[in-house]
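Beneath this line is the structure, given in structure tokens, with notes to follow.
We're numbering straight along the sequence, starting at 1. The figures that follow rest on heavy atoms only: side chains count, while hydrogens, waters and symmetry mates do not. For ligands, and for the atoms within them, numbers begin at 1 and follow the listed sequence.
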Amino acid sequence: MQEAQQKQDTFYITTPIYYPSAKLHIGHTYCTTLADVMARYHRLRGDAVYFVTGSDEHGQKIQRKAEEEGVTPQAYVDPIVAGFQNLWRKLNISHDDFIRTTEERHRRVVQQLFRQAYDNGDIYKSKYEGWYCTPCETFWPENKLDESHACPDCHRPVELVSEESYFFRMSRYADRWLQFIEENPDFIQPVSRRNEMIEFVKSGLEDLSVSRSSFDWGIPVPFDEKHVIYVWFDALANYLTALGYGTDDPKFAQFWPADIHLVGKEIVRFHAIIWPIILMSLGIDLPKQVYGHGWLIVDGEKMSKSRGNVVDPLPLLDEFGADAIRYFLVTDISLGQDGNFSRQRLIRKTNSDLANDLGNLLHRTLTMVEKYRGGTVPPLPQEVSAAVAQANAELTALAEETTAAYRRNMDAKRLNLAFKELWIFVRALNKYIDVTEPWKLAKAAEPADLDAVLYRLADGLRLVALLASPLIPQAAENMWAQLGLPNTGFCLTEAVVNGYPGGTTVAKAAPLFPRHESAEAEEETAAKAAEPTPAAAKPAAPPAAEAAIPQVAIDDFMKLDLRVAEVLACEKVPKADKLLHLTVTLGNEERSIVSGIAQHYEPAELIGKHVILVTNLKPVKLRGVLSQGMILAASQDGKLVVPFVPDMPAGSRVK
Ligand code: MSP
């Protein structure tokens with residue numbers, strides 16, 4: 001028992017490996033940033049972490065691009081892959097391995113897996129006659145295409161392919177897969193993607209073509225060199241190669257099965273259906289989770305080179321720095337939902353949350369420590385006035401709640417909520433300065449109150465640096481150094497109130513985040529100023545005459561099941577001005593809800609809120625989206641307000 005308790009937890013996390021068919025755009029950086037924050041959080045917890053990303057270099061798409069440029073495929077991909085590595089360095093991505101599918105270690109694993117599946121009888125030779133999307137490297141059965149024969153994912157034309165091919169017996173595993181999903185409800189997240197995958201498999205699983213014979217840029221089939229292995233079979237195997245599968249590398253035993261394959265929503269199918277079935281065939285344990293995140297979109301469209309709406313991350317990194325970009329990507333979009341990339345919002349969030357809320361807080365605090373205490377944070381005094389004692393008690397209670405909520409949310413991969421709560425604490429520290437007014441305390445005869453306030457601020461900032469370190473690692477280290485703390489690495493067990501060593505001399509430096517004054521910021525300020533001020537609240541209309549409202553017996557009212565629900569995710573319903581699609585939890589069950597509140601709430605405002613849900617209405621589909629309940633809202637003269645019940649846990653009965 002004791003031994004088990006001492007064993008270090010492990011965490012193996014992967015991102016997709018990216019096609020080096022073009023430079024990466026800001027949409028690609030989303031997944032890698034999320035994965036990096038998760039990896040850093042697990043290191044903070046003290047887990048043994050292995051974090052892998054890389055490049056997916058084979059396939060017809062790359063071969064064609066190389067031919068167009070008149071170079072070999074390898075010469076074509078090398079500089080692009082070097083660009084990926086440079087991008088990850090600039091974004092402060094802390095991966096433990098970068099795997100290239102053209103490496104020898106990978107070729108060995110892919111050939112071994114292919115041969116093993118063949119020997120099992122799960123791979124057989126036949127002919128593929130059908131459709132193929134080269135940009136997505138995807139085979140499409142006729143029944144998944146409409147008359148225009150465009151790829152359902154990228155909407156580009158598919159090509160008719162007719163060639164000898166090896167096939168993998170996917171069909172044999174449909175029932176086993178369905179049973180596995182039933183027994184492992186958390187395997188595919190979020191729930192909406194799991195439902196899509198179940199529908200996909202139930203609609204019939206065809207055998208998958210796993211080799212190509214009309215071009216040669218790939219890993220050869222070990223026993224039939226006319227064929228190269230299908231690029232997705234090749235690519236998925238990277239998750240095993242990175243751990244030294246099939247060698248005496250101890251990493252495989254230590255880290256497999258992977259804790260999470262984090263992927264974009266359009267490639268969940270490969271990771272949640274094809275990959276597990278390959279592993280089932282090979283008798284290898286399945287990963288614990290496939291998480292399909294949403295896309296960064298621009299005006300409702302996925303960012304992509306073919307649509308001409310890509311945003312290059314490199315100039316943004318030079319302009320804003322890695323931390324600001326990381327902060328924006330993680331906190332502005334809720335994991336699982338699509339999110340809009342907007343430069344204006346990036347500027348706004350950088351200025352308000354990072355430069356103002358956090359940067360100014362540090363600067364104000366250290367300035368006061370210098371001005372009033374010669375640069376040394378005093379130890380926490382025992383005796384203080386009642387007013388300061390009260391403010392301190394509130395702040396320390398919030399610090400403890402914030403730390404607990406942070407851990408809960410990070411463990412549940414609700415990254416945006418974890419940091420949202422942390423920033424509530426940051427704002428509370430700012431408010432604490434306004435309430436305690438240290439400049440007045442500095443004039444008092446007794447030093448204790450000011451000592452206590454300066455200590456509380458330094459201690460609060462220490463906690464913020466520690467908890468924010470997975471998200472904004474450079475700023476966190478910088479804060480740590482400015483607080484005069486030794487750089488011994490962050491550790492979650494040290495996230496405690498009163499962890500700051502009183503008597504430490506601070507080292508104030510330049511502001512953490514520069515503000516971004518720009519045309520956009522000015523435009524936005526002007527636009528805000530021009531917004532009409534809300535009309536003075538009208539007196540409420542008298543309630544309708546009692547006689548007009550039919551009375552119901554208490555028994556009738558009790559037939560309604562009203563419960564507190566926590567909003568996990570929220571997005572606009574496409575082409576419906578008034579509708580939001582929410583995913584809520586009732587504690588033990590998630591529901592999909594469509595609510596007509598889009599003109600009154602931004603999706604981001606609702607995430608994490610506790611609302612009241614009528615749970616036993618008959619489910620309906622609105623604009624094709626399932627709605628399993630109704631959110632209560634008060635309305636008057638076109639205004640609509642959703643009551644929130646923050647202190648009640650999800651699932652609480654309302655009556
Ligand atoms: N090579 C395959 C993955 C193989 S993994 C065994 C591939 N590569 S990709 O370069 O096309 O895409 C890599 C990842 O980037 C995918 O998860 C995809 O969803 C993600 N994104 C591409 N554009 C994106 C956005 N606009 N927003 C968020 N993620 C995006 O697929």
Parallel, tilted or perpendicular: which one describes the rings of Phe114 and Phe223, with boundaries at 30° and 60°?
tilted
May I ask you to decide if the ring planes of Phe328 and Phe341 are parallel, tilted or perpendicular, using 30° and 60° as cut-offs?
perpendicular
Are Lys251 and Tyr50 close enough that some pair of their side-chain heavy atoms sits under 4.5 Å apart?
yes
Do the numbers put Lys413 on top of the ring of Tyr41, so that NZ or CZ is under 6.0 Å from the six-membered ring centre and no more than 45° off the axis?
no
Quick one: sort the His271 and Tyr239 rings into parallel, tilted or perpendicular, breaks at 30° and 60°.
tilted
Tell me whether the guanidinium CZ or amine NZ of Lys125 lies under 6.0 angstrom from the six-membered ring centre of Phe167 and within 45° of its axis.
no
For ligand 1, which of its N or O atoms have a protein N or O partner closer than 3.5 Å, and how long is each gap?
residue: ligand 1; atom: 1 (N); partner: Ile17; partner atom: O; Å: 2.8
residue: ligand 1; atom: 1 (N); partner: Asp56; partner atom: OD2; Å: 2.6
residue: ligand 1; atom: 10 (O); partner: Tyr19; partner atom: N; Å: 3.2
residue: ligand 1; atom: 17 (O); partner: Gly264; partner atom: N; Å: 2.9
residue: ligand 1; atom: 19 (O); partner: Glu266; partner atom: OE1; Å: 2.7
residue: ligand 1; atom: 19 (O); partner: Glu266; partner atom: OE2; Å: 3.0
residue: ligand 1; atom: 26 (N); partner: Leu296; partner atom: O; Å: 3.0
residue: ligand 1; atom: 27 (N); partner: Leu296; partner atom: N; Å: 2.8
residue: ligand 1; atom: 29 (N); partner: Gly27; partner atom: O; Å: 3.3

